[in-house]
Amino acid sequence: REFRTQAQLASMFGKSRSAISKILRPENVKKLKQVAATGMHPDVKRHSWRDSSSEFLELEHRVHQYVLTAPRDEHGNPCSGQ
């Protein structure tokens, strides 16, 4: 991996260095990793970061797992299986 400074990342993404600094705080990195572990696409805005409790992330993960394993209809969409 190539090391990049916060200033370089800010320039790459068109953000301020302070915005990059906030994103890279350990508590925010932890939240991002938890969200990524649910399988949720990072561009999807489903909830506020204030709602990223462990219970919410667990629900998000369980819904994702259900969708992956649910029976499918003739169009490939998850269905109740009834």
Side-chain angles (χ1 to χ4, degrees):
R1 287 187 182 179
E2 187 177 333
F3 177 81
R4 302 219 189 261
T5 66
Q6 290 183 2
Q8 289 171 322
L9 291 171
S11 178
M12 285 172 56
F13 294 103
K15 302 293 181 187
S16 68
R17 195 214 46 84
S18 66
I20 298 298
S21 177
K22 288 177 186 176
I23 291 168
L24 294 177
R25 287 182 185 158
E27 64 271 15
N28 291 332
V29 170
K30 180 181 175 186
K31 288 177 187 177
L32 289 170
K33 286 181 177 181
Q34 288 174 330
V35 170
T38 66
M40 186 172 76
H41 192 278
D43 292 339
V44 175
K45 306 285 190 252
R46 295 186 190 179
H47 63 281
S48 163
W49 283 112
R50 289 181 288 253
D51 296 334
S52 293
S53 66
S54 60
E55 293 84 9
F56 181 85
L57 292 172
E58 176 64 21
L59 171 64
E60 197 58 44
H61 177 70
R62 287 176 184 242
V63 169
H64 177 74
Q65 290 302 313
Y66 169 77
V67 170
L68 291 177
T69 61
R72 308 252 172 208
D73 64 17
E74 64 275 8
H75 303 289
N77 298 316
C79 64
S80 65
Q82 296 177 0

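Atom CD of Gln6 is separated from atom NZ of Lys15 by 15.5 Å, given to the nearest 0.5 angstrom.
If you chain together ILVMFWY residues whose side-chain heavy atoms come under 4.5 Å of each other, Phe13 ends up grouped with Leu9, Met12, Ile20, Leu24.
By the salt bridge (Lys or Arg N to Asp or Glu O under 4.0 Å) test, Arg17 is found to be paired with no residue, residues two or more places apart in sequence or in another chain being considered.
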